[in-house]
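Each chain gets a letter, A, B and so on, in the order its sequence line appears, and its residues count up from 1.
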Protein chains: 2
Amino acid sequence: MANPSTSRLPREIAPRSLPATAWAVLGLLSFGRDLTGYDLKKWADSSLRFFYWSPAISQIYGELRRLESLGYVESWAAPQDELRNKRLYRITPLGRDALTTWVRDSPVEPPVLKHGVALRVWLGHLADPGALRGIVAAHREYAAQMLDEVSAARRTAGQNAEWTYPELVERWGERYWAAERDLADAMLRDLEELG
Amino acid sequence: MANPSTSRLPREIAPRSLPATAWAVLGLLSFGRDLTGYDLKKWADSSLRFFYWSPAISQIYGELRRLESLGYVESWAAPQDELRNKRLYRITPLGRDALTTWVRDSPVEPPVLKHGVALRVWLGHLADPGALRGIVAAHREYAAQMLDEVSAARRTAGQNAEWTYPELVERWGERYWAAERDLADAMLRDLEELG
DNA sequence: GGGAGCATGTAACGGGTTACATGATTGG
DNA sequence: CCAATCATGTAACCCGTTACATGCTCCC
């Protein structure tokens, strides 16, 4: 049996590496604005979701608390209106350093691809051909709409130097969703050829 | 206060809908072969992962137990060699029906996109331009390799009618990874234009 | 009056991963 | 002899979601 007094290692000093979501939230704050959790959720919905994903609001609040406990963000109460307060968050120099290190050094996780439409086509031997084409056609429209939305987001975004990289990623997002739409079209043609 | 005797509804009879992973595992079995958990993991690694993803082996074993408790699969011990047994699984008619219903009726989850490379480029204001290009270039190679692997898988796959739909999805996978590679190239060009 | 938006959080749950444990066989 | 492969499973843990709770303001 292990000696109980030695079997437990002291809590490691080096900061445990955070989930990518935490870095994404900190990343939103790295553009320099003071924001509430609610603000962050809206911003994630209108930008992050096109190439990453938008966490649930409850998770954002949780990550903000964790980031604050690590000293990566600071917060204070600010008047929302006469009666209520809201909590504004700002990135700290320590947080900026940690995020910079993460961007530079952390191994890049391979992109997650979990394509429910492909999964269903793969099981085509169990489906009615018409219904299958319907599923793919619906996905085609979904991709087309994502393309519309990311294009709209790009047009309304600022053009200053500060937004160079987000703009570049939005361009990438447009191409991505256009490709996704074209891929759906090609799959529809393949399905129709089956008769 | 709610009356404790009525505040709790009776356990619903209708089968709770399973996570997509369970349907994917059942889907592997729907091609009609008797397989072990280990076999299923290998097959997932060589086909599912190109368009969905390959669950951990421990999860496959767990899902198999759940599917068996629902009557969707049956299993029996078979001799692996003189000393050991392995457990073979087969889909049941009930399981086939349930899977068919799922393919037909379940709402299709929008494809998950969680692109770590795009996230890092989006934070480009914190990175050294050369390092950023390095990240994208590595991703370009990753996509190219996925393309190679899915092409190889398609060439070695059976050509009979049974494999029509898997083959179609593999074709889709080839196009997908080719597009991903081209998207990385385009992003590299955009990054280089920044100077 | 009611619904949408603003704003913050807790609790329960499920999905999925890694690490661990075990042990035989095959091939270099 | 050692590593890889075959084969099955448990336990701990974390990530993330949904559902729930609260309450104000603005606008129709």
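Residue A:Ser58 places its side chain closer to D:dT18 than to any other of D:dT18, C:dG15, C:dT17. When each of D:dA7, C:dT17, C:dT10 is scored by its nearest atom to the side-chain atoms of B:Tyr61, the top-ranked nucleotide is D:dA7. Closest approach to the B:Arg66 side chain among C:dG15, D:dT17, C:dT10 is made by C:dG15 (side chain taken as heavy atoms from C-beta onward). For B:Lys42, counting side-chain heavy atoms from C-beta on, the closest listed nucleotide (D:dC6, D:dT8, D:dG16) is D:dC6.
Of the residues in residues 24-40 of chain A, A:Thr36, A:Gly37, A:Tyr38, A:Asp39 come within less than 4.0 Å of DNA chain C through at least one heavy atom, sorted by number. Near DNA chain C, meaning a heavy atom under 4.0 Å away, the residues from residues 84-91 of chain A are A:Arg84, A:Lys86, A:Arg87.
Under 4.0 Å is where a charged nitrogen must lie from a carboxylate oxygen, and between B:Glu170 and B:Arg155 no such pair does. Ion pair A:Glu174/A:Arg171 not flagged as a salt bridge, since none of the NZ, NE, NH1 or NH2 atoms sits closer than 4.0 Å to an Asp/Glu carboxylate oxygen. One finds a salt bridge joining A:Glu149 and A:Arg49 here, because a Lys/Arg side-chain nitrogen approaches an Asp/Glu carboxylate oxygen to under 4.0 Å. Electrostatic pairing of A:Glu192 and A:Arg189 does not count as a salt bridge here, judged by no charged N lying under 4.0 Å from a carboxylate O. Ion pair A:Lys86/A:Asp39 not flagged as a salt bridge, since none of the NZ, NE, NH1 or NH2 atoms sits closer than 4.0 Å to an Asp/Glu carboxylate oxygen.
Residue A:Gln59 places none of its side-chain N or O atoms closer than 4.0 Å to OP1 or OP2 of D:dC15. Considering only side-chain N and O atoms, B:Trp53 lies nowhere under 4.0 angstrom from the phosphate OP1 or OP2 of C:dG15.
Atom CD of A:Glu63 and atom P of D:dC15 are 7 Å apart (whole Å). Rounding to whole angstrom units, CH2 of residue B:Trp23 and C1' of C:dG16 are separated by 19 Å. Straight-line distance from the CD atom of B:Glu109 to the P atom of D:dT17: 15 Å, rounded to whole Å. If you take CD1 of A:Ile60 and P of D:dG16, they are 12 Å apart, rounded to a whole angstrom. One atom, CZ of B:Arg65, and another, C1' of C:dG14, lie 16 Å apart when rounded to the nearest Å. Counting to the nearest Å, the C1' atom of C:dG15 and the OH atom of B:Tyr52 are 11 Å from each other. Atom C1' of nucleotide C:dT10 and atom CG of A:Leu64 are separated by 16 Å, given to the nearest angstrom. For the pair B:Trp76 CH2 and D:dT8 P, the interatomic distance rounds to 12 Å; values are reported in whole Å.
With DNA chain D read from its 5' end, the first of the two nearest nucleotides for A:Pro55 and B:Ile57 is the one closest to B:Ile57.
Residues A:Leu64 and A:Glu68 fail the side-chain proximity criterion, which asks for heavy atoms closer than 4.5 Å. You'll find the side chain of B:Leu188 reaches within 4.5 Å of the side chain of B:Arg133, heavy atoms only.
Note that the OG atom of A:Ser75 and the CG atom of A:Leu35 stand 12.5 Å from one another [nearest 0.5 Å].
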Give the table of side-chain donor-acceptor pairs shorter than 3.5 Å for residues 98-105 of chain B, with sequence neighbours excluded, one pair per line with atom names and distance.
| residue | atom | partner | partner atom | Å |
| --- | --- | --- | --- | --- |
| B:Thr100 | OG1 | B:Arg96 | O | 2.7 |
| B:Thr101 | OG1 | B:Asp97 | O | 3.0 |
| B:Trp102 | NE1 | B:Ser106 | OG | 3.1 |

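Using the six-membered ring where Trp is involved, B:Phe31 and B:Trp163 have ring planes that are parallel, under 30° apart on the 30 and 60° scheme.
When heavy atoms are screened at a 4.0 angstrom cut-off, B:Lys41 is found touching no nucleic acid atom at all.
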